[in-house]
Protein chains: 2
Amino acid sequence: MRTVPDSETPAADGKRGPARERPTMKEVAALAGVSLKTVSRVVNEVPTVDPALVTKVRAAMDRLGFRPNLAASNLRRGDGRTHTVGLLVEDVGNPFSAAVHRAVEDFAAQREVLVLSSSLDEDPERERRMVRALVDRRVDGLIIVPASSDHRYLVAEQEAGTAVVFVDRLPTPLVGDAVVTDNREASAQGVRHLISAGHRRIAYLGDTESLPTARDRYAGYRDAIREAAARGCVADPGLVVQGLRTVEAADAAVSELLSGPDAPTALFTSQNLVTIGAVQALHRTGSQHRVAVVGFDDIPMAQVLDPGVTVLAQQASEIGRLAAQLLFARMAGDTAPARAHVVPSRLIQRGSGEIPAA
Amino acid sequence: MRTVPDSETPAADGKRGPARERPTMKEVAALAGVSLKTVSRVVNEVPTVDPALVTKVRAAMDRLGFRPNLAASNLRRGDGRTHTVGLLVEDVGNPFSAAVHRAVEDFAAQREVLVLSSSLDEDPERERRMVRALVDRRVDGLIIVPASSDHRYLVAEQEAGTAVVFVDRLPTPLVGDAVVTDNREASAQGVRHLISAGHRRIAYLGDTESLPTARDRYAGYRDAIREAAARGCVADPGLVVQGLRTVEAADAAVSELLSGPDAPTALFTSQNLVTIGAVQALHRTGSQHRVAVVGFDDIPMAQVLDPGVTVLAQQASEIGRLAAQLLFARMAGDTAPARAHVVPSRLIQRGSGEIPAA
DNA sequence: CTGAAAGCGCTTACAG
DNA sequence: CTGAAAGCGCTTACAG
């Protein structure tokens, strides 16, 4: 009995240090006593392999803990699909992005495709860098919530075979399919809802005007106010506050509006942080049962608050699902002209939007 | 002048149909009039290349829209890093998972590493399938919120060089580093907080007992109650309701508890859906200013509600950041024994937990 | 039904 | 400073 290791079995033991490398098909083949090609057939479940060999190969794979290297197989394989798609959102941590992400993942997972995601934080430069990082990994397709305002750089990627679908905002120019919310129409609907409850002095509390979605929502507000001019609706610039990006800013803006001389009797808020800030201000000043609110974007706990908060809820899951569906259709060869798809928001009445004008 | 295309420049034009393939280094080399190897040097920014050649190669790359194939370079490259890590969470759409995800992404992005994520929905079988899918893509490391209860199958992956870190729950056995919340200690702290406000009949409303985290939180509740037995704290089984998984179930359980004979004066709720349901029941029955609540997990709008909801907030971002830090240390060669790291939760007093006993 | 050769897009190791 | 050869782990195309 020898106590010193010898070198009769060169590849059998951890010669290269503690972490032994991943076994290759070649090693599996050697252990099973077949050719590399037969192992490849077993891995790819080619049905014409002798069952006895299949058993031997399977045993060798299990013994070595073999896992095929997908990247290596794709290199020579005809279609070259990585079975991975990229998803660029504003922030994987925020509820809208997270809901879109989950819907995309569900659609992809059913097709054995994984999702490589990244947050852009509204940074156009980061959008370009991440697209490049994803292309270098050869994702089969790309879903992007745009942060930049010029998407011509993506045309080359599409021509090279990477499908691209945009979400939440239209690309400029329209270089690919897009799935967006009905920002303008839904906002108008929300404001009309307040008008029909008798309100005539309706404030608009909105996000930065530089965001296209914010502009569309403001346009919808003005549409509804203008329509009701004959019924006495006031287009008072003093009722419009934009550039609100935080709960605190919205809270302060509402407090100031309500303490002023010609205070509004109703508020239309353009996104969820603004809605939360507005609701907070109303509760703090005890005016939550007197001043009506309709918000764009659903907010958590909206039905637990008293009154419940009436909102236009974007259908984030449906947006994500549709985007994924369009992407996979493109990946499968669909070459129809690019178009924008609008997913309607839903008005959810919970109380705050149904408070009548005093 | 010829009007019919000829074949003098074989690779110059779209011969293979509408979608032209991605250019390779070979094609760039041909266009630039240098060898493949020189293009490789330029791509990898090797400093010793003649500046004139660099310029020519760069021009050829831009003209063809060349993008290196990361998978192909990794194949021969020594370290074989894909610069991609896998993240398996309960549901990318839920707030805890999303916050962990964002923290992991931030840590990874600084190191030019992307995140491939997937939701497990508490399905052990899905955990195994997704680990396999990620290993097949040769991720450099793996962060897992376990859904299964036996993690020995991961030892082979670790030996093959894939770093693994667990989050939120300990692996069984402890086959890798783990980052968990102080479930038991924080729960005890929350219940002690209610006891110090004078409460003696404190209900426990909890999730399914089969979840280890739920068990730990219940243990913390019992610890605190037992400690205060001398001060008259009651360990009444009638005050304990477990198996609550939805807002509705928690709401119903609280309604029933409050309408019973020996109703509690305070509630300890073990996770956010249960807390939301409890708060909803209290508001509906008008007892929100009378019955105290402390919840485990922060809930949205907690400071907007009246009273604000006192909670033990898990530090999801810190958990994600630490998990990523540990993972990258392992990927860099750290071979210290695996250990569990506990991230403390923070007690946030907002009003509901400070209501004194009647 | 099985296997030896060539090749995918790139890097390493080695000459010049 | 530059390039021709061999090789990464696998598949394709072709013989047997």
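Please read all numbers here as calculations on a predicted model, not as lab measurements. As a basis for the values below, the full set of heavy atoms in this structure was taken, side chains included, without hydrogen atoms, waters or symmetry mates. Convention: sequence-line order gives letters A, B, ...; per-chain numbering from 1.
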Q: Within the side chain of A:Ser73, is there an N or O that forms a donor-acceptor pair under 3.5 Å with the backbone of A:Asn69?
A: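 Yes; at least one donor-acceptor contact below 3.5 Å.
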
Q: Would you say B:Ser97 and B:Glu90 are linked by a side-chain donor-acceptor pair, where the criterion is simply a distance under 3.5 Å?
A: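 Absent: no donor and acceptor within the cut-off.
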
Q: Looking at B:Arg126 and A:Glu105, does any basic side-chain N land under 4.0 Å from a carboxylate oxygen?
A: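 Yes, charged N to carboxylate O under 4.0 Å.
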
Q: Does A:Asp121 reach the main-chain N or O of A:Asp123 with its side chain, forming a donor-acceptor pair under 3.5 Å?
A: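 No, because the side chain of A:Asp121 does not come within donor-acceptor range (under 3.5 Å) of the backbone of A:Asp123.
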
Q: Sugar-phosphate atoms are those with a prime plus P, OP1 and OP2; base atoms are the rest. Using that split, label each nucleotide of nucleotides 8-16 of chain D B, S or - for protein heavy atoms under 4.0 Å, 5' to 3'.
A: BBSBB----

Q: Using the rule given for salt bridge (Lys or Arg N to Asp or Glu O under 4.0 Å), can you reason through B:Arg22 versus B:Glu27, listing the C-alpha separation, both sets of side-chain angles and the distance that settles it, and then say yes or no?
A: CA-CA 10 Å; B:Arg22 290 201 172 277; B:Glu27 296 172 64; over 6 Å; no

Q: Looking at C:dG3, I'd like to know if its phosphate oxygens (OP1 or OP2) sit under 4.0 Å from a side-chain N or O belonging to A:Thr38.
A: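 A:Thr38 to C:dG3 OP1/OP2: side-chain N or O found under 4.0 Å.
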
Q: D:dC1 pairs with which nucleotide, Watson-Crick or G-U wobble, both distances below 3.5 Å?
A: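 With both distances under 3.5 Å, D:dC1 matches C:dG16.
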
